[in-house]
Amino acid sequence: MTRPSAIATTLALTVCLTSTSALAAASLISGLGGTYGFGEDTLYVNDDDYSTAISVSSAFPDGLNYYGTTQSTIYVNNNGNITFAGGVYNYTPIPFPVSAQPMIAPYWGDVDTRGSQLGPGWNRVYWDIDTPGGTFTATYFNVGYYSSATNKLNSFQVRLTDRSADFDPGDFDIQFRYNKCEWTTGNASGGSNGLGGTEAQMGFDAGNSVDYWSHPDSQTPAILNLCNTTNVGEIGVWEFEVRNGSLYECGNGLVEGPELCDDGNLIQYDGCFDCEIEVDADGDGFYEGEDCDDADANNFPGNIEVCDGQDNDCNGLADFAGGEDDFDGDGFMECDDCDDADASNFPGNVEVCDGFDNDCNGFADFAGGEADFDGDGWFECDDCDDDDANNFPGNLEICDFQDNDCDASTDEELDLDGDGFTLCRGDCDESNPLVNEGMPEICNGIDDDCDPLTIEDVDTDLDGFTGCEGDCDVVDPNTYPGAVEICDGNDNDCDELIPEEEVDEDGDDWLLCEDDCDDANPNIFPGAPEACDGLDNDCDGLIDNGLDDLDGDGWTECDGDCDDEVADTYPDAEEICDGLDNNCDDYLDLTELDSDEDGFMPCEGDCNDHQVTANPDHPEDTVELCEDELDNDCDELFDAEDPDCEDPDSGIGDDDDDDDDGSNRRANDCTCDSAAGAAPLSMAWLTALALGFTSTRRRRRR
C-alpha cells in the first residue's frame, strides 16, 4: 500500500465499499474442530487479556506480508482484534493509526467473557490453524461486554487465507464475518447497557502511524450495521486483499487484484467508475447509474413519454397524458382504457349486456339494447319486458297473467313439487312438497302453511319467545312462558291453565280479578243497578244501598213504594185524580186515563174520554159540532138542546147567555121535577157517565 495521508487513504478505500439494507446476517464458519466447531484452542475467561504468541508458520510458510513486514506470530486479543507485535489489552478503541502496533480489527470493543454462558460454548473466544487449507480463524462467539454483561451479545470472525501460491509470497486475504451485532460499548468506555460512549472500531492499522483504514461507521452507533452490510455482495461479509504488503487501493489508476478497471477519477458514466466497469445493460447509450431503467431500452433520460405505464423519459414519473396507472388491473392504462375503474371495460373486450361500454368503442351496444327503461335493474337485452318494472329475470312470479320472472311462463301454474298446489293456488315454495297452505305449521324455520304470520320460530309479538319456544300466543306480547299472569282472561304464562279469577263463570263480562264480587250471579258486577234483593249488586260493599225513602212518604222501594220520588204514591195510599197508581196496586182507574189524549181525564170532567172533541174546555158553537150528537163542551146538553147552538142569524141554537149561571145552559135545563120540562139525555152521554162510575183495572208495568 502506498502511503498517502491518513485522510486521503480513508476516503479512497471508503468509496470502494458497498452497503445494503438487507436484514440477514452472515453465518459463522464452523467445523474447525474442538467441542463447538470453532477450533481446539480457547482463550480463557477474562476481561482485557490476550493469548500467548501463536505461530502460524505451518499455514503460512512464506509468512504474512503486512505493510512491508513479514509476520509469523499472531496474538488473539480478547477485545475484538488480532495483532502481530504483541498482545493488546486496550478495551476502549483508539482511532487509527495506533503507534507501533500492527492490528487487524474486525470489532475492537470492550469484550468481557466473564459473564454467564447462555448457550453451549457461548461467551468464549476460539482460534484455529488449518495447515492444509492455509487459514487462521479467530471466532468471538456470542460474547458479552464489560462488566460481565450478557443481555446483548456479538458474534463475529476474522479469517486470514494464504494466497502466496496464486500471487506473491506473503500475500493473503482477510475476511470479516458478522453474525450478531447487539452492543457497541462497554460500561468503562462511557457506554450504558451496551450502547453509547466510545463505540467499537473496524479496520486495519500498519502500526507505522501512517498507513491505516477505518470503516466509516467506526466509533458511531452505525457500527452495528456491519451485520447488515457488505463489500462483496454477501450480507455480513467483508473481504480485503493484501498484496505486496498493502491493501488494494481503488482510485490509484492501477488495476489491482479483483479490480475490473481503475481510471483514477471519480467521474461517473465514462465507462469506468474507479474500480468497476460501468454497465449499459439495455444498450440505450446510458449507463446503469444514470439510466432509470437499464433493463429496458425504451426508458432513458430525454426519451419521449408514451402510454405504457413506464417512466420513458426518466423524470421519475410515468406521466403520459391521461395517466399511466392501471387502477382496475385489466392490463390497460388510464391513457388507453375508457373506464379504468372497471376491469370489465377495456379496448377489444367482448361486449356484454351490462349497460357499459365493455369494448371501449364509445357505445354500450350489446344486441337488444343496454338501457333500463322501466328502472327494474335489468337492461333490455336481458329483460323480457323493459316497459314494466314488475317483470324481470328472477323476480317472484305472482298471479297477474304476466311473465314476472321472465321464464316464458305466465303465473307459474305448474305444480312442480306435486303437492296439489301452485304458486297461484296456495303454494309459496314450488320446490318443496311439504310447503303449501294445506300443511300444518311446524317448528322448522319454514313457512309450512304459506302464512307469514304463523311461522313458529319468528317472535312476531317481540316478547322474546317464538311458538317453537313455547309461546302460546304469538300475537300477544304479554303472553309467553314464565310471564306474569295479568287480569285479561288469557293463559299469560302458557301453562295451559287460566287462573280462577280470570274466568267469567256467570257470563256478565266481569272477572273476579276485575272486582266482580260474585261470579256466580250475572246480576252482580261493578256498576250493576242495585236491587231490593238483599245483595250487593254493584259490588261496592253495601247491600241495597241507594234505595232509601227518597220522597219522605215513609215507604222505600224495598218496602213496595212503586214511585219513591212522589210522596202521594205508596202502598195503600188514597187514589187521587193525578194519573198515577197512588196505592201501588199495579192498577190505574179508568177515570185517571186520558184515552183520547185531549188533556182531560174523566175524573177531571171529561164526559167522553173516547172523543177528542168532547171535554170541558171544548166549544160547541159550529154547525158541525151542533149536529154530531155529542156533548162537546160537557155541559150535559147535546146539539140543538145546547143554547150555544141557538143562533138567530142561522136559525140554529141560542148563543145568548141570558141566564145567570155563567153558561149557555137554559135556566131550567137542570129542573128534573118536571118530565115535560127536562130534555132527554142522549145515549152517548149516558154511556160516558156510566164509564165515569165504572171501575176498570189494568196491570201496571214496572
Side-chain angles (χ1 to χ4, degrees), residues 18-24 228-230 233-235 268-269 271 273 276-389 391-395 405-408:
T18 303
S19 67
T20 177
S21 61
L23 298 178
N228 304 323
T229 54
T230 180
E234 182 181 352
I235 302 303
Q268 297 190 59
Y269 317 129
F273 182 62
E276 298 290 334
I277 295 177
E278 294 183 287
V279 177
D280 178 13
D282 56 11
D284 58 8
F286 289 85
Y287 293 106
E288 183 178 12
E290 62 181 335
D291 196 340
C292 60
D293 183 0
D294 204 39
D296 192 332
N298 294 313
N299 305 326
F300 54 85
N303 192 21
I304 298 174
E305 192 73 29
V306 296
C307 181
D308 60 359
Q310 301 187 60
D311 179 15
N312 307 109
D313 56 6
C314 289
N315 69 346
L317 302 171
D319 52 1
F320 186 78
E324 296 189 57
D325 290 307
D326 179 13
F327 290 109
D328 56 11
D330 58 8
F332 286 83
M333 311 296 165
E334 293 175 282
C335 39
D336 282 336
D337 199 340
C338 59
D339 182 0
D340 202 42
D342 191 333
S344 299
N345 306 324
F346 54 84
N349 192 22
V350 178
E351 191 73 28
V352 295
C353 180
D354 62 357
F356 295 104
D357 178 16
N358 309 108
D359 56 7
C360 289
N361 68 347
F363 303 97
D365 52 1
F366 187 78
E370 297 189 56
D372 179 14
F373 290 109
D374 57 10
D376 59 7
W378 291 83
F379 302 107
E380 295 174 283
C381 38
D382 281 337
D383 199 340
C384 60
D385 183 358
D386 204 43
D387 293 322
D388 191 331
N391 303 327
F392 54 84
N395 191 24
D405 57 4
C406 288
D407 67 349

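Please read these numbers as outputs of a predicted model, since none were measured by experiment. When reading the values below, keep in mind they use all heavy atoms of this one structure, side chains included, and skip hydrogens, waters and symmetry mates.
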note = Sorted by chain and residue number, the side-chain hydrogen bond (donor to acceptor under 3.5 Å, both in side chains) partners of D337 (sequence neighbours excluded) come out as none
inquiry  = For I304, give me all partners under side chain to side chain contact (heavy atoms under 4.5 Å, CB included), at least two apart in sequence or on another chain.
reply    = none
inquiry  = Restricting to ring-ring contact (aromatic ring centres under 6.0 Å, His included), what partner residues turn up for F332, sequence neighbours left out?
reply    = F346
inquiry  = With side-chain hydrogen bond (donor to acceptor under 3.5 Å, both in side chains) as the rule and sequence neighbours excluded, what pairs involving residues 365-381 come up?
reply    = N361-D365
Close side-chain approach of D284 to D294, heavy-atom, < 4.5 Å = yes
request  = State which residues pass ring-ring contact (aromatic ring centres under 6.0 Å, His included) with F379; sequence neighbours excluded, sorted by chain then number.
outcome  = none
query = How far apart are the closest heavy atoms of P347 and D336, and which atoms are they?
reply = CG-O, 3.3 Å
ask   = Can you check whether C314's main-chain N or O pairs, donor with acceptor, with N303's side chain at less than 3.5 Å?
value = no
query = Would you say D296 and Q310 make side-chain contact, with heavy atoms under 4.5 Å?
reply = yes
query = If you round to the nearest 0.5 Å, how far is CG of D319 from CG of D311?
reply = 7.0 Å
query = Residues two or more places apart in sequence or in another chain: which of them pass ring-ring contact (aromatic ring centres under 6.0 Å, His included) with F286?
reply = F300
Closest approach of D382 to P393 (non-hydrogen atoms, all atoms of both residues) = O-CG, 3.3 Å
ask   = Which pair of heavy atoms, one from G362 and one from D357, lies closest together, and at what distance?
value = N-OD2, 2.6 Å
ask   = Short question: side chain of E276, backbone of F273 - any donor-acceptor pair under 3.5 Å?
value = no
key: Over 12 foreign heavy atoms within 6.0 Å of OH, Y269   = yes
Heavy-atom closest contact (A367 atom, C381 atom, distance) = O-CB, 3.3 Å
query = Do any pairs count as a side-chain hydrogen bond (donor to acceptor under 3.5 Å, both in side chains) and have a residue in residues 342-354, sequence neighbours left out, and if so which ones?
reply = D339-N345, D342-S344, N345-N358, D354-N358
task = Just jot down the salt bridge (charged side-chain N to carboxylate O under 4.0 Å, His left out) partners of E234, sequence neighbours excluded, or say none.
result = R177
task = Kindly write out the residues that satisfy side chain to side chain contact (heavy atoms under 4.5 Å, CB included) with C335, not counting sequence neighbours, or none if the list is empty.
result = C307, F320, E324, M333
Sequence-distant partners of D385, side-chain hydrogen bond (donor to acceptor under 3.5 Å, both in side chains), two or more places apart = N391
Inter-residue atom distance D280.CG - E290.CD, 0.5 Å rounding = 8.0 Å
task = Would you please name every residue forming a side chain to side chain contact (heavy atoms under 4.5 Å, CB included) with D325, sequence neighbours left out?
result = F327, E334
